[in-house]
Structure formats: C-alpha cells, structure tokens
Amino acid sequence: MVVGLKMVDSIVVKVGSKIFSSVSNLLKHAAKSKNLRHATQIHSQIVTSNEASLGNINSLLWVYAKCGSIDSTLLLFATTPLASSNVVSWTTLISQLSHSDNPSRALTCFNRMRRTAAVCPNHFTFSAVLPACAHPPLLSHAQQIHALLLKHGFHSDTFIATTLVDTYANCASMALAQNVFDQMPHRNLVSWNSLIVGFLKNKLYFRAIGVLRALLQKTELFPDQVTFSSVLSACAGMVELGFGKQLHGSVVKRALVGFVYVKNSLVDMYCKCGVFQDAAKLFCDGGDRDVVTWNVIIMGCVHGLNFEQACNFFMDMIREGVEPDETSYSSLLQVSASLAVLAQGTLIHGRVLKTGRLENPCVLSSLVTMYGKCGSLSDAYRVFGEAKDRNVVCWTAMIAVFHQHGCGNEAIELFEEMLREGVVPEYITFVSVLSACSHTGKVDDGFRYFNSMANVHCIEPGLEHYSCMVDLLGRVGRLEEAWRFIESMPVKPDSSVWGALLGACGKHGNVEMGEEVAERLFKLEPDNPGNYVLLSNIYTRHGMLEEADEVRRLMGINGVRKEIGCSWIDVKNMTFVFNADDRSHSRTQEIHEMLQKLKELIKTRGYVSEIQFATNSVEGSEEQSLWCHSEKLALAFGLLVLPPGSPVRIKKNLRTCGDCHTVMKFASEIFQREIIVRDINRFHRFTNGSCSCRDYW
DNA sequence: CGTGGTTGCC
C-alpha cells in the first residue's frame, strides 16, 4: 500500500512501514506485490525525474508483465525508443505475449524485432517465443523458429532443445519432438520429463512408459516427482494397475509420496483402475491434501457410481476448509445429473453463479447436461443460450439434450448452427447427431454426416457411430441393408452394433434375422438380459409361444435375470419407490382403484392392452401384469397425491414399456397433466395425449 | 517438465 510519494533528489517512497530509496528496489517491490497502480506511479516518476535508463525501463516492462497488464507494456514499449533497439526489452515483451490469451502476437513481435528493428534474438528470446507456437495449428511457426535457431547455433543448448521438445509435443507432433530429443548432445532430467509429458499429453501412454524405461536403463539420472506424477497419470490413462502398483512401490522407496502431485496421481490411478479402496486408503493416509486430491477422490466415487459417497466427500471437503473449484462443481453436477435430482443441481448452479465459475467450459457443459438429465430442456437451453464462450463440448452437450428429449430436428439444426459458427465437431458430437438422424428417420442426412466424418472432419468413425448407422437403417425397416452395412465395416462389429440390429428386428418383426442376430449376441454377451427379452418378444408377437418359452429357459440356464422394473417419484421432499407388482405402499388399495378407473376410461377411447409387453406372466393374466408395471403404479400415486395441474415426474430404471407409454399418453389428456417419464436413456414428455418422442424410442 | 476436469449411442 502506497502511503505517500515524496520527491527528494531521488525517489523516496514509503510503502507500508518500509522506505524504498532506489528505483530498482521500488520496482522489485511492485513486481512482488503485483500492484499495477504502484507500477504506473513509478513509471510516471521515472519519466518526470529523467531516470528512464534502459535498465529501469526493462525492469518496468518486467513489472508490467508480472501485473499481467499487456496494455501498459505495449504503451511503455511504444513510447520508449530505447526499448526498441534492445533485445532484453523485446524478449520481455515477447515472453509476456506468449503467455497471454492471444499468443500469436508474440510471433508478430518476434518477426518485427528481427526485420524492422534488426535486433538479433538471444537464447532467452528463443525460449520466450517458442511457447507461443505450442498449439497444433501453429506447428509451421514452430518449425520456422526451429530452423532459425539451428542457424543461430542454439540447437545444442539443452534448455532450448528441451523447450523445443515441449513445443512440438504441444503441437501434437511427437515424431518431431522425439527427433529433437534424439539429437540433443546433452539431456538432463527435465529433457527426459518433457518427452514423457509430451507422450502423456498426446495420450500415447505406452510411449510415455517406454521413455521411463529408457531413462532408467540408459542414464544415471534419478526420476523425480515430476517423472512419477506423469508416468502414474499414463498408467491411469491405460488403466494399467499392475505397473501402477510397481510405480507406487518406487515412489515409496524414493520417498516421493509426500509430494502432493505424486499422491494425487496415485489416488487417481487407483480410482481409474477401479480399486477405489486402495485410493481411499491413500487418500486417508494423513499426508497433505489439496483441492485436486479431493476432486480425484470425488471423481473416483462418480466413476464407481457411488453418488452418495461423492456428496459426502464434497461436504467433508468444505468442512475441512478446502474451497471447491471448477472441477469439484463439475463433478457434483454430474452427480445431480446421474441421480436426476433437479433440486440439488439447481443449488449447485446457484453456488456456481455466486462464485463466478460459469465461465469455465467444464462447469458450463456439466450444467447443460445436468438440466437436460433432470428433465428441464428449457433450463438447459437457457444456460446454453446465455453462455459467453461455447466450446465444442458445450455444443455437443446441448445437441445431446435435445436428442434425449426427443427433439431430433432441433438437435440437427443446432449441429448445423455449430458448423456455421466454425466450431469443429468431434467424435462424440457425431454420436448424438447420428442418433438424432436415426430418431427422426433422416437416413440420407445420416449418411451425409457419417461420410463427412472422415472426408471433412478427419474423424475415423468408431463402433458407436456404426451402431447408430445400423439403428438408422434398421429403424426404417431397411434390415437387409443394415446387415450388409455391418458386413462392410472395417472394424469387427461388437454387441452394440448387433444389438442395434436386434432392436430393429424386434421393431419390424423379422423373426429369421432376429434369431440369427440374437445367436451372435448370446455368444458376445451371454449375461445381458435385454437380448433374451427382445428375442422372446419377437417370438411372442408372432404367436411362437413355445420358442419364446425356450428363450426364457435359456435365460435360466445361463443364469441371467431380467432386472426388476423400478420407478420412483418425488412428492414434496420424499421419494416414493415402486417395484413392478409392488403392493407394499400403504395406499396400494387406492392406487389400484385409480388404475382400474383409468383403464376403464381409456378403454372407451380405444385403448387395447398391448400384451406382448407382458413378459414373465402366466397366460391369461397378461393384462393384469401389465397394469402392475412400476411406472403405472408411480403414475397412479402421483395422480392421487400431487395437486391438480402440477406435472407428474416419474423416473424409471429401465426403458419404459410400450403399453405404459400408450397409457401415459391417454392419462395426460384425460387428467390434463404434463407427465414426464425419464427412462434409462431418454425423456418422455406426455401432454394432451401425445409424447415428445413421437412414439419413436 | 508435473496431479484432477466438461460432451454420447442403446
């Protein structure tokens, strides 16, 4: 805090209780406190007292850099001719620009320095400018600077060559990085670590481990905490528990577990490898923890679907006085989304706003997804629409939300808008877009987008995309084409691809193909009850009851059980859970009376029970078993206890059944209620007798 | 040179 500025012969300033008598001390203090106001005061004093020596100007440039004020730096530079002929001044400017939001200005400056000012770069200049090209689109600039530093003879400088390895790695050019590394006459541990980190950043985990092996075999160097936190991260990426445990041993032996970076990597490695107990043991070892340690363990819970435990850790974290950061909020939003608890999600949204964290792209995308998964399309779209910066993940999230809510056309329109805005789509974006095409029956558009993946966007389609295409063809009944499409795939079809085709066979009642596809699926995933149910339903619909029974027997032989249908509904602050055939609720009597009344009402309007959905029931009692489905029980309860006119929100653990879907449509009209059913993969919003999914799910 | 992170088909 500047208490007073007093001019004597030289500058004397009282800062707090300390007296500073030289410009250089003043500047040091300003740099340390990052006080921009203080710096500008010194600036004007330097100018008025004629102390604008090159040394002072360069120090001041450095202080402005510390304060992060690019405008001040540029102004000082422009108004001081002395600086424009000095390599230190230029280097300070370039370094600051390299680390700014728009690093390409550092390159412009670098070129101006050489061409216009004819100042020769030194090795500080090279290490300042290289980070400015550390992005894939700027690879050619990195190569130009590489050529230049070869000309200046700096390539054998260990520090510069290491910076170059890092730069090429950040340009996603590991071949070039490796080449520079191989030609280095001397390598220190930082050089080795840079190469490891490079492979790590480019997800070439196996190569990162390979570099560690070479480091151990070929050199006398000792890997340090940076080495270990990086290779552990590679193990986490590979889900390689065996080697990860070995590394843990080395970490203990070398007494590096006290470094919080190393510990965090270890905890994360155990979480990602699915051994949460080992992660928790390490987490609780009494050593240092920081916000990342907490985030890692919280994400570990989310990964293991232990949502309640994730919330408990989050509360412990706050109790221990650790301030949650963007990652913490993003994880908690994922919890709210997974549990579809809108109230909790909204609470976190408020907290995010209060702490000014909506700018963060991860938080933003998680928030959009949370509202989507909690059933509020309008809130998701509002958050998306009001966002300032939207990256491809955020767009992808919104596209997916539209799709989950049955708005396939809107999803596709949004994708087109995204392309018009110049946002580059990625792998997952196409999963949602192709699914949207499938659900809206847009076969030609689907193929156009599918082909554009490789041809326009350089994305190799994966199994997820192939499944979408099979679904796309299968849904509109082009089953033979779908089969041929599978045969033409360059990769081996997996259960998701065959599963899409079996679903289509079910929808279109193709017994022969269904049998053939189901046989493959029974081999690929004998434990998945869905395939048995689908085939059995195909048989039932064709009156092939013996064959249907045979499939049920096969299920028994293979020890596969159909998951019990379960629906739940929130009333005030209580959650009421209904299993199929549930008679445990105290108001069961009223619930069944309500259902009986509903059945009679809708029968007069043309409802015929769709008994093919009555699986697992004794012949003759199919209709009765249909009316004991969990979502119907939850609906009846909701109609009984919720105030008239308020929406009925039901969540279900499985796909909703066709008969229930029909009943919900009728009920929404008769009771003039909005009924929202979230099943395992989408939302059904019933209003006035129709569903948002347009009966296509 | 270093830990954690957002989005998905069915």
Side-chain angles (χ1 to χ4, degrees), chain A residues 159 162-163 165-166 169-170 188-198 200-201 223-233 236 256 259-269 271-272 290-300 302 325-331 333-334 337 360-370 372 390-401 403-404 425-436 438-439 462-472 474 495-504 528 530-531 534 655 679-682 697:
Chain A
F159 191 86
T162 300
T163 309
V165 168
D166 183 52
N170 284 319
N188 57 24
L189 185 60
V190 179
S191 320
W192 285 91
N193 286 344
S194 295
L195 192 63
I196 292 175
V197 170
L200 176 67
K201 282 182 186 162
D224 67 354
Q225 65 276 17
V226 177
T227 323
F228 277 105
S229 76
S230 307
V231 289
L232 280 165
S233 178
L256 295 171
F259 287 94
V260 74
Y261 271 94
V262 176
K263 175 167 158 171
N264 294 347
S265 298
L266 271 169
V267 175
D268 185 51
M269 184 274 293
C271 285
K272 294 225 170 90
D290 65 4
V291 64
V292 175
T293 329
W294 285 98
N295 287 341
V296 163
I297 202 78
I298 290 170
M299 288 184 296
V302 175
D325 72 357
E326 285 86 353
T327 305
S328 329
Y329 288 119
S330 172
S331 302
L333 287 167
Q334 286 175 62
N360 181 278
C362 299
V363 173
L364 182 63
S365 305
S366 306
L367 200 52
V368 169
T369 300
M370 181 280 291
R390 297 180 293 210
N391 66 9
V392 59
V393 178
C394 186
W395 283 89
T396 302
M398 191 63 226
I399 291 168
V401 171
H403 171 61
Q404 283 152 2
E426 57 176 30
Y427 191 92
I428 298 178
T429 317
F430 280 101
V431 177
S432 289
V433 171
L434 295 177
S435 306
S438 169
H439 281 264
L463 285 165
E464 295 99 325
H465 305 106
Y466 287 107
S467 317
C468 288
M469 298 310 284
V470 170
D471 189 66
L472 175 69
S495 57
S496 73
V497 176
W498 289 114
L501 188 55
L502 182 62
N528 183 348
N531 300 325
L534 266 168
R655 256 171 64 108
D679 75 13
I680 189 151
N681 36 7
R682 62 182 46 258
W697 80 96

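To find a chain, count down the sequence lines: A is the first, B the second, and so on, and within it residues start at 1. What you see is a predicted model; the values in this text were computed from it and never measured.
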Check: Is the closest side-chain heavy-atom distance between A/Glu426 and A/Asn391 below 4.5 Å?
Finding: no
For [X], answer base if it contacts any base atom (sugar-phosphate contacts may also be present), sugar-phosphate if it contacts only those atoms, and nothing otherwise; contact means non-hydrogen atoms under 4.0 Å.
X: A/Thr369; value: sugar-phosphate
X: A/Asn681; value: base
X: A/Ala500; value: nothing
X: A/Val197; value: sugar-phosphate
X: A/His403; value: sugar-phosphate
X: A/Arg682; value: sugar-phosphate
X: A/Ser435; value: sugar-phosphate
X: A/Gln334; value: sugar-phosphate
X: A/Asn360; value: base
X: A/Asp325; value: base
X: A/Thr396; value: base

Next item on the list: Say whether, by atom type as modelled, one donor and one acceptor occur between the side chain of A/Asp471 and the main chain of A/Ser467 under 3.5 angstrom.
Entry: no
Margin query: According to side chain to side chain contact (heavy atoms under 4.5 Å, CB included), who are the partners of A/Ser233, at least two apart in sequence or on a separate chain?
Written below: A/Leu200
Note to self: Could you work out, with side chain to side chain contact (heavy atoms under 4.5 Å, CB included) as the rule, every residue matching A/Asn528, not counting sequence neighbours?
What the structure shows: A/Glu525, A/Asn531
Note to self: Is A/Lys201 close enough to B/dT3 that one of its side-chain N or O atoms is under 4.0 Å from OP1 or OP2 there?
What the structure shows: no
[N] base / [X] side chain donor-acceptor hit below 3.5 Å:
X: A/Glu464; N: B/dG8; answer: yes
X: A/Ser365; N: B/dT6; answer: yes
X: A/Thr327; N: B/dG5; answer: yes

Check: Should we count OH of A/Tyr427 as having more than 12 external heavy atoms under 6.0 Å?
Finding: yes
